[in-house]
Amino acid sequence: MTSVGTVYLVGSGPGDPELMTVKARRLIDEADVVLHDKLPGPEILGLIPEDRREDVGKRAGGEWTPQEYTNKRLVELAREGKTVVRLKGGDPFVFGRGGEEMEHLAANEIPFEVVPGITSPIGGPGVAGIPVTHRDHTSSVSFVTGHEDPTKEESAVDWQALADTGGTIVVLMGVGKLPQYTQALLDAGKDPETPVALIERATWPDMRVATGTLESIVDVRDEAGIEPPAITVIGGVAATREKVVEFLANQTGEWDGEGEEE
Ligand code: SAH
């Protein structure tokens, strides 16, 4: 009998290393092996020595490592007695296939632990000055994948229902199909002037934000050259950024003693 190692399914947050949990940081420092893709971002991946990490994301040819390979590799390493961190951008259970990996580990009797992380559809808008809920705008928020083709017969995302709720819609993996799902929302009767924001590489050193409306955002995307990874926020809350962005850029922490509280 040999002892089996533990697999930690760890969320690394949106990318700023200081936004990782204390536990995530400890585990990546202690792990024998860290299995990751590119999403944790350059700053966090830079903290892990190359000889202790394995990339199970996109391969050189642009193809994704099959999920079956990653599942098998997790079991294999644990059975070698290794402490393994499966590091995922954001939270491991938000569009991260963490659920599938957890089920596979349990089925193979591999000890595991889940370590949540700050998910990008909440933290990403947040650092851009966009609260996903706000009493003046919405009391609900939906997280959806933009990867699905909304024109296909059985789209897993019901854009009509989302439009009808009137709540904030946050789209992940939604850069490429932005034209399709913004059109789907317009067709569903959503106001063309609905504010929309794109947050690219949130909390990475080169983060960018671009804003527009449901009608203009595709042009905004093209002009700015927004690329994945990016978050799309659709709803009144997306406009709150405009109210604070100038202040955010120029805040000095000084008060000249003039003026009343707003
Ligand atoms: N598990 C992740 C999501 C994985 S799906 C999480 O909880 O955040 C991949 C998508 O996440 C990307 O296409 C993008 O929409 C979003 N994403 C992840 N990190 C991001 C970041 N730092 N900035 C913007 N979008 C990000």
Side-chain angles (χ1 to χ4, degrees), residues 8-21 23-24 28 34-47 55-58 62 64-65 67 70 85-102 114-132 141-150 156-157 162 168-182 196-211 217-218 220-221 224-235 237-238 241:
Y8 296 90
L9 298 169
V10 180
S12 61
D16 177 350
E18 293 200 311
L19 292 177
M20 256 193 295
T21 62
K23 189 161 189 173
I28 64 171
V34 179
L35 263 66
H36 66 88
D37 51 43
K38 298 273 183 294
L39 200 57
E43 289 196 294
I44 287 173
L45 294 177
L47 298 171
D55 191 341
V56 289
K58 253 185 197 141
W64 286 96
T65 304
Q67 186 63 43
T70 307
V85 164
R86 174 68 176 107
L87 193 68
K88 290 167 179 288
D91 184 273
F93 284 176
V94 178
F95 296 116
R97 311 193 77 164
E100 291 161 58
E101 291 172 15
M102 175 180 71
V114 178
V115 182
I118 295 177
T119 190
S120 63
I122 297 179
V127 294
I130 300 171
V132 291
V141 53
S142 304
F143 303 115
V144 298
T145 170
H147 205 60
E148 290 269 333
D149 185 348
V157 180
L162 286 170
T168 306
I169 304 167
V170 187
V171 187
L172 294 93
M173 298 171 280
V175 177
K177 296 217 161 68
L178 186 70
Q180 286 90 335
Y181 63 82
T182 48
V196 181
L198 298 170
I199 304 118
E200 180 192 58
R201 296 191 294 267
T203 83
W204 296 22
D206 50 356
M207 159 171 164
R208 294 194 300 164
V209 184
T211 55
I217 197 67
V218 174
V220 169
R221 175 199 69 177
I226 299 289
E227 286 183 9
I231 292 289
T232 312
V233 185
I234 302 168
V237 291
R241 174 177 167 81

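Counting starts at 1 for both ligands and their atoms, in listed order.
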Worksheet item: Which atom pair, heavy atoms only, marks the closest approach of A230 to I226?
Response: CB-CG2, 4.0 Å

Worksheet item: What is the distance from atom CD1 of I234 to atom CG of L162, rounded to the nearest 0.5 Å?
Response: 8.5 Å

Worksheet item: Tell me, do I44 and H36 make a side-chain contact under 4.5 Å, heavy atoms counted?
Response: no

Item to complete: List the atom of G57, the atom of D37, and the distance in Å for their closest heavy-atom pair.
Response: CA-CB, 3.5 Å

Fill in: Listed partners of E227 passing salt bridge (charged side-chain N to carboxylate O under 4.0 Å, His left out), at least two apart
none

Discussion item. Heavy-atom contacts with ligand 1 below 4.0 Å: which residues, ordered by chain and residue number?
Written reply: P14, L39, G89, G90, D91, V94, F95, T119, S120, P121, L172, M173, I199, R201, A202, W204, P229, A230, I231

Practice prompt. Can you measure from CD1 (I130) to CZ (R241) and round to the nearest 0.5 angstrom?
Written response: 6.5 Å

